[in-house]
Amino acid sequence: MDFGFGIAPSSTINLDKVDRSRFTRLHELEPDVYKCMACGSCSSTCPAGRFSGMSVRKVILALQRGKEKEAVRMLKGCMLCGKCSMVCPRGINTRHLILSICRIYNEEQQ
Amino acid sequence: MKENIVIIGGGAAGLEAAGQLIRLGYSPIIVEKEDHLGGHLAEWHCLFPDMTPASDIVGRLAGAVSDANIFTNTEILFINHLKDSYNVMLSNGVSIIARVILFTTGFRLFDAARKEEYGYGIYNQVITNSDLEHWFRTGDDDRIGSVPMEAVGFVHCVGSRDEKAGNAQCSKVCCITAVKQAIEMKKRFPDAMVYCFYMDLRMFGKKYEDFYISAQRDYGVRFIRGRVSEVSENIEGKVVVKAEDTLAGKPVRVTLDLLVLMAGMVCNPDSTKVASMIPLQTDSDGFLKSKDNILEITSSSRKGIFYAGACTGPKTVPETLAEARSAALDIHNFIESL
Amino acid sequence: MIYQGKQKIWSEYQKEIPDDHWFYVRSCIRQNFFPGAEVMFMKICREELGKDIYETPYHTTCGGIAYHCDTIPQETVMTIVARQFSLMTEAGYENYAASCITSFGNYIEILETWNEFPEVETKIRELLWKACRREFVKPKYVAHASDLIYKFRNDIAARAKYRLVNRKTGEPLRVVEHIGCHYSKMFPSKGVGGAEYPYVLCGMIESWGGNVIDYPERRHCCGYGFRQYHVKANRGYSIANTHKKFESMEPYHPDMIITNCPGCPYFMDRWQYAISEIEGKTYGENGYGIPVLTYEEVASLVLGYDPWDIGLQLHQVAVEPLLDKMGIPYNPDEKYKGLNHKDIMRPELPGVLKCC
Amino acid sequence: MRERFLTGYNDFVLPFMFGMAFILIWCLVGMIRIIAQLPREDRRRFFLSFLNPRILLKDIKDIFCDCLFHVKLWKRNKLLGYMHSSIAFGWFMLIVIGHIEVFFYAPHRAKLLYFPIFFRYFMAEDDSTMGGAFFFFLMDFFLLVVLSGIALAMIKRIHSRFFGMRRTTNPSFMDLVGLYSLWSIFPLRLLAEGFTADISGGSFLTKSLNTVFHAFLGNHVNMLPTWWAYSLALCVFFCALPFTRYMHIPTEILLIPLRNAGVKIRHPRKGYAEAEVYACPSCGVCIDACPMGVMKTHIKDTTVYLNRQLRRHNEERIEEISDKCLLCGKCTAVCPVGVEGDRLRIAQRSLRQYNITPDYSRIDTGELVRECSFSGPTGGKVLYFAGCMTALTPQIRKAVESVLTKAGIGYEMMDRDGGICCGRPMLMAGRFAPAEEMIRKNTEIIRASGASTLLLSCPICYRIFRENYSLDGIEVIHHTEYFDRLIRSGAISLGHTATRYVYHDPCELGRGCGIYDEPRAVIAAAGELVEADKHHKESICCGGSLGSLTLGFDKRQAMTANALNNLTKASPDSIVTACPLCLSTFHRYADRPVEDIAEIVDRNMN
């Protein structure tokens, strides 16, 4: 029966249901991905952010929370200019991290 | 030297101050209400950032005061203010006339059950930092390890920075303690996911930041910025935790096998009781009020009454020890000036 | 679950509930939803327990729905409430009992506000005087009607004909208790058992023989949320919350749900039908739903009243499986007979949810 | 001159013949393979190059200079140069003169491949041939030259520092086989010819040897085995050659005409790249050149090892080495045979498959054009593109803008509020398609802006704008060049101070674009210019390069320290560079001021 409304999807991130296999693979390649303390330097300096909302911080977070689609959408705007790696206070090699994500995760699967 | 110095509290501050005073040639009297020395430190397993066993520290501190007069299992019944000294009446019948009293009465761990939404004392798998240390120390706790530990959570700031809980202050040590305990859990249960729910991470001390990075990178401890709002139990007896992942701007929920509440430091009511006998001023946070928070942190507004350690506010062990030494020197100078 | 831990909290959140002489105000909406509930409350109090419960036809809405929908300012709702208090004062009562949880929360919130800001109270007194030349004395005690039933739960248990026990197996029934949000979430000390682990319904269930289920989403809202339901565009959000609760309680296989709020039983009852239509899923046994009852209805059943006399035929989810479990006899042919055996007509049966 | 044997043949020539045939066939097949792998367009260009006399002459000159005389090595270190050219040129001359001898004295044997090699065995001098004595002298002379080279090579193995090399390549097993067989060829030849010196004649070397050691060399029983040994040594060398670094000898001869024809690397394993890989002589000059070399752990990541792994198809190591490199281009700059370590790596990176492809189609260039469009009449306008990195070093942008304003030059900024990346970092990661998309977008903006000059501050941008953008009609210029021009044209003038400046050549500006003199001229106008220990194309990368994909922040500090050490040899007051990335990298660890040229110009402008 059509009531004119349905059960609204939950916005809650359920960590029990997050498939961690790909992130585990990413972590093997990029141990520093866990070093991010979400300061946001990368996002604020990102030239692609202006055009596409790209933010390395958000990508890392989104992948950990199982929001891969969102991460892929942002990554497609990345120009790999490397400013984020220059400003990262924790010395994370963000460029290689991004490339590794682009290899492990698949936009087709989203 | 025949000057009576009463030290109230045989914890880290009391022991260190007594040790220093002995070296300066005094014979201090330590009054401790418990049956053992070392205070909270004696209940702890090991300390950040070098994982030093707490028992080693207590052993060394207690070793330095073996010559002192120590009354354990003893409480202060009353203190009378005489002309320029104090008459301290102890529960064991001893009465001491002293011109100097040092308060090293410390803190009390926040009663985590007061944060009802976290269900401490109601949900089996919710424990406190202190319970966890007890388990580290003795291995005696059925709640840990009896079920597979797939996910463990730590809640920072339980009863700290919480006006509703009556404690607006930061307890200073819980952040790093949570990091330390998370690492220890990860060492014992390498396959477990370990989450820390925090509001702010205050890694102010020496090597704390290294410790934090190591927890993230080497141990994979996951830090989620957001305070746990409520805890419930599911049909399997696991703990279901709800929080907001404020970095994602989304609510987050996770099922845990164990939830550790980082109970903070609050003022010790016993300290307040003894202070009211003189009486001494207390601060808005309930801790004893120093004469000045920068210049005279170890002095009270009353002549001959000194403070050291967490009786004036949350402190780390090194800070407590430094204050104890400082108080010993202040007492020495005070006696010299008499 | 450590039961002693809960007992400790319950012991800390006990409120004083006078024994007798109550001024009773009804809910705006309950009589349409579950018309038997308030009638049975009066009946139980007056006839079974012999209490003095006074009500007046002159009382109005408390303004709570409008207030929570942000359609009237606080002064307005306070003035409405002041008028209710003046009716109580006129009638010579000082104990105020509300049938509705939102009303109860509203009264408590207003009294606390006046406590903190006496100048507001003065202003409201002036407004009331200007509006209808009335004056009032603030009630000495404010209780929710469920507080009263809680207080008399053991008296009711002593008179009980039936218990919340499966007659066949002898096992206690698994009962979900759902407390209205406005009962104690705003002022924990004003509810029996506090906000986190309210005891008001648990006490009834325990006293009448049932087993309380503590499931993860126990604290969650029923989904009504005023604006979330009243605005059709938000209704998906409303039902999503109800859905979440049912998903959470499902593994415990509850036999029934007891509530103490006007909206909650309605939404938990009717949304089970909507969920079954949208998702094709039902939560009770054999395609039935989980019966949702108000505490007055449960008290009435326990005391042996006829299910149809207390209006259980107006529930969307069929109560027959519950009646069977409790061993309460009922006549299926009488289900849709109203007063004086007047036919009130059979409702159309839903597609998925089984309703006898 | 007379023939000693009627047959003109002995069995000992067989090993040599076998080896020779093997290596000739191998090289022929290899050459055909490489040429076949070239894209059709490159192949056409290669063949056509032989019809161009200018290129042909250059081919011949390069082959002589590079393969025989090793001119580049002479420039680097005389001893090293002598060692290589003595062996290469000496051996070459032995072969040439051997053939001349055959041509003169036994023309009917000219068909026999082995005859010139074993000439002394088959031919004997008679009293009348003075010419023979002359050639014998030459042969002995060049043999001595070669032997001296071999002796130096032996010393170099023990002590490479004599040859100006701090570190040298670690030879593989096959390299050692080749090495020892090569070393043994010429002493064996000397010995063999020593035996025949009293029969066939000889000159100052062989004859004297025979006289001095007559007791041994006069005994002809040992003669034939020695000639066998000589032939066998040649055989072993030729047969081992394809599997050793000595393959560079024949490969380089192919590489030179390919390069002169303008062929470029398109694929890391095929065609031109393969020629480069096999042309690598494993000399190890790149090891010392590599900025990563300051840390021992990175030595095996230098170009010489990349080439070795490419030959071995060790995929895991190839990936690792390719990703780690800073792409500073110094190995390419110093390589004696012209192996392009940086381009090889980029090509390798380009093979990688990614599952997420960037998409910039939604970027609205219209908005960016509006931000930088010129108002008023167009023509002669300067469009300033500061670049992403300059956003992190605002002092550069501020200084450039200040100079432009003070000089009264009308300009607009292309990325005041951030722009689209130039594409070079993406290109360096081997992802060409997204880089192309950025290039297209930026071209669109630049063309629409109506600028006639594109001024750049970042050498990374500058290089890609020069190499990969087609902005015909728009001049692309770096601010160092631009300021130099302004000074020379008198549009601006600088006040001279006594400050001692050292100039750091940024990799992309110096080696990348060949801009060395302009920045120095600008600095010299403002103060005293001193040079670093290593400068111009030998300049050492600051360590901050975006070229490396895997080098972590913590691994770069030692490189930066090393580069700073190099810069401060002449005790300058201030370090000057012309790249935002070098600037911020040096800033982190320098013990004295680090500035961009623009800052100096701005400060000293009259």
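Residue numbers start from 1 in every chain, and the chains themselves are labelled A, B, ... in the order their sequence lines are given, proteins ahead of strands. In this text, all values refer to a predicted model and were calculated from it rather than measured experimentally.
- Within 6.0 Å of CD on D:Glu316 lie no more than 12 heavy atoms contributed by other residues, nucleotides or ligands.
- Of the listed residues (A:Gly77, A:Gly91, A:Cys78), the greatest number of heavy-atom pairs within a distance under 4.5 Å of chain D belongs to A:Cys78.
- Interface remark: of the candidates D:Asp364, D:Asp554, D:Thr585, D:Asn355, D:Asn355 forms the most heavy-atom pairs closer than 4.5 Å to chain A.
- Contacts of D:Met426 with chain A are made by both backbone and side-chain atoms, with heavy-atom separations under 4.5 Å.
- In terms of heavy atoms, D:Thr550 sits closest to A:His96 at CG2-NE2, 3.4 Å.
- Heavy-atom distances place both the backbone and the side chain of A:Cys81 under 4.5 Å from chain D.
- Contact annotation for D:Ile460: neither backbone nor side-chain heavy atoms come within less than 4.5 Å of a heavy atom of chain A.
- Between A:Leu75 and D:Ile356, the closest heavy-atom pair is CD1-CD1, 4.0 Å.
- Only the side chain of D:Ser584 comes within contact range of chain A, judged by heavy atoms closer than 4.5 Å.
- When all heavy atoms of A:Gly82 and D:Leu546 are compared, the closest pair comes out as CA-CD2, 3.9 Å.
- The greatest number of non-hydrogen atom pairs below 4.5 Å with chain A, out of D:Leu551, D:Thr357, D:Asp323, is found for D:Thr357.
- Of the two parts of D:Glu437, neither the backbone nor the side chain holds a non-hydrogen atom closer than 4.5 Å to a non-hydrogen atom of chain A.
- By a heavy-atom distance cut of under 4.5 Å, D:Arg352, D:Gln353, D:Tyr354 are the residues of residues 345-354 of chain D near chain A, going up by number.
- Neither the backbone nor the side chain of A:Ser52 comes within contact range of chain D, judged by heavy atoms closer than 4.5 Å.
- Checking side-chain atoms of A:Asn93 against main-chain N and O of D:Leu549 turns up a donor-acceptor pair under 3.5 Å.
- With sequence neighbours excluded, the residues that form a side-chain contact (heavy atoms from CB on, under 4.5 Å) with D:Thr297 are D:Met295.
- The main-chain N or O of D:Asp417 is found under 3.5 Å from a side-chain atom of A:Arg50 such that the two form a donor-acceptor pair.
- A pairwise comparison of heavy atoms in A:Pro47 and D:Gly419 identifies CB-O, 3.7 Å as the closest pair.
- Put simply, the residue from A:Lys83, A:Arg95, A:Met79 that forms a side-chain contact (heavy atoms from CB on, under 4.5 Å) with D:Pro425 is A:Arg95.
- Heavy atoms of other residues, nucleotides or ligands lying less than 6.0 angstrom from NZ of A:Lys76 number more than 12.
- Nearest approach of D:Leu392 to A:Met86, heavy atoms of both residues: CD1-CB, 3.8 Å.
- Taking CE of D:Met428 as the reference point, atom CG of A:Leu80 lies at 9.5 Å (rounded to 0.5 Å).
- Neither the backbone nor the side chain of D:Asp415 comes within contact range of chain A, judged by heavy atoms closer than 4.5 Å.
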